[in-house]
Amino acid sequence: MYLTHTWRPTAFLALVLGAIIILSYTFHRTDTKAIMLKVLVCVESEYQAIYRGGGRSTLLLIRSKIWPMKDGTPRHTRMEWAKKDREIKTLLRKLDDLMPSFTFMDINTTTSAKNSKATILNYKGSYCVGEHLMVRLDLYNYLGKRKEYGGDFLRARIFSSSLRAGASGRITDYRNGTYLVNFTLFWEGDVRVSILLIHPSEGVSALWAARKKGYNKIVFTGKFLNGTSSVHTECGFNKTTDTELCEYLDVRDQEAFYCEKPNNVPCDAFVSLKSNNKPISYLTALEHSLFSSLPGAELRGCNKGLSLLATCKVGMTSPSPRGFVWQNQWHPVFCSMSAFHTLDRINACLKQKIIYLLGDSTVRQWMEYLTKRVNTLKYLKRYAIGKPDRLVAVDMARNIQINWKKHAHPFVGSSEYTVKDHSYVAWDIDLVAGGRDTAVVISLGQHFRPFPIELFIRRMINIRAAIQRLLLRSPDTKVIIKAENTREIDIDQERFGDFHGYAQYLALKDIFRDLKVGFIDAWDMTVAYGTNLVHPPDHVVGSQIDMFLSYIC
């Protein structure tokens, strides 16, 4: 009796404790599964939201749970992020190594174009086509003292106004105030040399430092619909405010844009943007420019034959300079460019083609040029011409379709433009089926100049990844990268100057150096033409398009 009486409460307590342990474990597992399920659902929702430009509620969950935290993020994604970050840092180090870093107290110690000297090292009365003209530059400051360091931003060009010819020169910086400019003499006839000091090395140092100091040189104003009325708030890439934000994030490619959230208006009501220069500066600019004319020299043929060149194809490597202008027509030196002077030749090339022009207004110029040149190409939405809205032109008889779509943030312009169909170029490329008769042209850069260059580098790395995916599923698709045009010299140098464009040009060539794409070196072309216009005249645009058609036909 005693033993039985003692055993029953002990057994009962053991059973109760066991049940509690089992229930606790079960609830813990259930709760963990629920949390894991919630995170996985958020990941799936995020990618769907990005694809359709979704709203803030899902994006906030992702930001707090997954980005940039590692918890719940697939290992492959984290590895891709880390790889991208390493490449960005490597490219930034390369650019930093090229840039001067100087401070100065007296403007008289900066580079003076007037006091500097240019000497033709191999001057003679006449040269043969194909020979080189070597010019040494010795730079001095305003005090007449020789510069002991390099880093000046120079532009060198040979030209002939009567022959409508031009070519850029290759500049070597010896980092001691001496530069060597190598000109290849491409044409027979007269030639003159022009060397432009765009910025002294001290100005380059100041511009490069200023570019790193933030995203607030441009202010964006976003428009949100609130029923039949609208509300405007400030937007940007790096909003530091206590105000609640609408966050438009691309987790896969680590892109982000923010707007201050209007009161009682959902973030999904975001419809348009415009921008203006913000009255802020990080430097006292020391911009000095000078065209220095050197003695002319007669060129003659010398019975030297021209070498036969292979037809232009995507993936070709090329020297510097990549070509020259003759009779207002571009001639590449690394391949044979076809001539598309007649409408019949252009139509034959474009027949059955679908072309995607993705980027800024400098590639929209291509569409405007083609629709003027090929009068059978008709816009589907005529009211959109000249505005930063999507453009589509077709020739039904020849089954030609040409599309232009602007790139996503940052798109800088005082005119209001829609963001209803906003998507990054990498995602637009992911939607291209591709094929033998498909061509994709990408041109970005001008709108990125006011911002830290990391933004441009990250965007182009993301675009490269999208191109690689496209070429895996459709290897016969033609992909063309168009570099930036040079632009007006009297532009706001801190925001839009060509120094920033040149830094991006160097990064662009590095990022796409091993990819099988066609490269249209609009930078070299516009230097050779000497246009200095962000939207160059038709004969320059026509040469760019002839190069493009040579790649795809």
Side-chain angles (χ1 to χ4, degrees), residues 47 50-51 74 76-77 79-81 83-84 86-88 90-91 250 252-255 310-318 322 332 334-335 337-338 349-360 363 366-367 399-408 423-445 456-484 504-505 507-522 544-545 547-553:
Y47 280 92
I50 290 171
Y51 183 81
H76 174 73
T77 302
M79 291 174 64
E80 287 299 317
W81 288 352
K83 181 181 177 182
K84 187 190 304 180
R86 287 194 298 271
E87 184 174 2
I88 291 171
T90 298
L91 284 168
D250 180 341
R252 184 194 71 181
D253 291 340
Q254 297 175 286
E255 303 274 14
T311 303
C312 298
K313 295 179 181 178
V314 297
M316 281 184 159
T317 57
S318 61
R322 294 174 187 261
F334 62 95
C335 66
M337 187 175 80
S338 301
C349 178
L350 293 178
K351 188 176 181 180
Q352 305 290 335
K353 297 287 193 301
I354 180 168
I355 297 169
Y356 298 92
L357 306 175
L358 305 175
D360 57 29
V363 76
W366 287 21
M367 189 161 193
N399 196 24
I400 303 169
Q401 182 184 142
I402 304 178
N403 306 268
W404 175 81
K405 187 168 184 256
K406 67 179 178 297
H407 63 74
S423 54
Y424 294 103
V425 169
W427 289 90
D428 292 330
I429 295 171
D430 283 336
L431 296 178
V432 173
R436 180 171 54 89
D437 292 322
T438 300
V440 179
V441 180
I442 296 140
S443 178
L444 282 76
F456 176 78
I457 292 173
R458 183 179 298 276
R459 186 68 51 83
M460 299 314 297
I461 290 174
N462 290 334
I463 288 172
R464 183 188 63 193
I467 292 171
Q468 290 169 326
R469 292 190 292 269
L470 171 61
L471 295 179
L472 283 174
R473 65 180 180 270
S474 298
D476 48 359
T477 305
K478 303 295 190 302
V479 180
I480 313 298
I481 306 296
K482 175 192 167 293
E484 293 177 53
Q504 293 175 174
Y505 169 71
L508 184 76
K509 291 197 295 183
D510 199 315
I511 291 168
F512 288 97
R513 67 184 183 279
D514 296 325
L515 203 59
K516 188 180 178 181
V517 297
F519 192 78
I520 295 180
D521 197 333
Q544 294 174 356
I545 290 175
M547 192 75 201
F548 163 65
L549 296 177
S550 296
Y551 276 132
I552 69 171
C553 297

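Hydrogens, waters and symmetry mates play no part in the numbers below; they use all other heavy atoms, side chains included. Computed from a predicted structure; not experimentally measured.
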* Taking C-beta and beyond as the side chain, do Leu444 and Leu508 meet within less than 4.5 Å on heavy atoms? -> no
* Working to the nearest 0.5 Å, report the span between CD1 of Ile88 and CD1 of Ile461. => 4.5 Å
* Any chance you could lay out the side chain to side chain contact (heavy atoms under 4.5 Å, CB included) test for Val440 and Ile480, step after step, and finish with the verdict? => CA-CA 6 Å; Val440 179; Ile480 313 298; over 6 Å; no
* To do: Before accepting this row, confirm whether a basic side-chain N of the pair Glu87/Arg458 lies closer than 4.0 Å to the acidic partner's carboxylate O.
  => no
* Can you tell if the side chain of Arg464 reaches within under 4.5 Å of the side chain of Leu515, non-hydrogen atoms only? -> yes
* Take Arg436 and Asp476 through the test salt bridge (Lys or Arg N to Asp or Glu O under 4.0 Å) and record every step on the way to the result. => CA-CA 5 Å; Arg436 180 171 54 89; Asp476 48 359; 5.5 Å; no
* Asked: Taking Leu358 as the fixed residue, which of Val441, Ile429, Ile463 is the one that meets the side chain to side chain contact (heavy atoms under 4.5 Å, CB included) rule?
  -> Ile429
* Within-4.5 Å side-chain heavy-atom neighbours: Ile400 and Gln352 -> no
* To do: Indicate yes or no: at least one non-hydrogen side-chain atom of Glu484 is less than 4.5 angstrom from one of Tyr505.
  => no
* To do: Kindly say whether Leu471 contributes a backbone atom to a donor-acceptor pair with the side chain of Thr477 at under 3.5 angstrom?
  => no
* Asked: Is there a donor-acceptor pair closer than 3.5 Å between any side-chain N or O of Tyr551 and the backbone N or O of Phe519?
  -> yes
* To do: Check whether any side-chain heavy atom of Met460 sits under 4.5 Å from a side-chain heavy atom of Phe512, and report yes or no.
  => yes
* Taking everything shown except Lys516 itself, do over 12 heavy atoms lie less than 6.0 Å from its NZ? -> no
* Whether Gln504 side chain and Gly445 backbone form a donor-acceptor pair below 3.5 Å -> yes
* Rounded to the nearest 0.5 Å, how far apart are CD1 of Ile457 and CG of Leu91? -> 5.0 Å
* Asked: Taking the six-membered ring of Trp427, is NZ or CZ of Arg252 closer than 6.0 Å to its centre and within 45° of its axis?
  -> yes
* **salt bridge (Lys or Arg N to Asp or Glu O under 4.0 Å) evaluation trace for Lys406 with Asp360** => CA-CA 6 Å; Lys406 67 179 178 297; Asp360 57 29; over 6 Å; no
* Asked: Is Lys313 close to Cys335 at the side-chain level, that is, under 4.5 Å between some pair of heavy atoms?
  -> no
* Which is it for Thr438 and Val432 under the side chain to side chain contact (heavy atoms under 4.5 Å, CB included) test, yes or no, and what are the steps along the way? -> CA-CA 9 Å; Thr438 300; Val432 173; 4.0 Å; yes
* Asked: Atom CG of Asn462 and atom CD1 of Ile467: how far apart are they, to the nearest 0.5 Å?
  -> 11.0 Å
* Expected output: side-chain Arg513 to main-chain Asp510 donor-acceptor under 3.5 Å -> yes
* Indicate whether any N or O donor in one side chain lies under 3.5 Å from an N or O acceptor in the other, for Lys353 and Asn399. => no
* Is the backbone of Arg459 close enough, under 3.5 Å, to the side chain of Asp253 for a donor and an acceptor to pair up by distance? -> no
* **Side-chain donor or acceptor of Ser550 paired with backbone N/O of Ser338 under 3.5 Å** => yes
* Asked: Would Val517 and Val314 count as a side chain to side chain contact (heavy atoms under 4.5 Å, CB included) if you check the C-alpha gap in whole Å, the side-chain angles of each, and the deciding distance to 0.1 Å?
  -> CA-CA 5 Å; Val517 297; Val314 297; 5.6 Å; no
* Flag side-chain contact, heavy atom, 4.5 Å: Ile442 against Val363 -> no
* CE of Met367 to CH2 of Trp404: how many Å apart, nearest 0.5 Å? -> 9.5 Å
* Do Ser423 and Lys405 pass the side chain to side chain donor-acceptor pair (under 3.5 Å) test, and can you show the C-alpha distance, the side-chain angles, and the key distance before you say yes or no? -> CA-CA 10 Å; Ser423 54; Lys405 187 168 184 256; 2.5 Å; yes
* Taking every non-hydrogen atom, the tightest pair across Ala483 and Ala522 -> O-CB, 3.2 Å
* Asked: At what distance, to the nearest 0.5 angstrom, does CG of Leu431 lie from OH of Tyr356?
  -> 9.0 Å
* **Test side chain to side chain contact (heavy atoms under 4.5 Å, CB included) applied to Phe334 and Thr317, step by step** => CA-CA 8 Å; Phe334 62 95; Thr317 57; over 6 Å; no
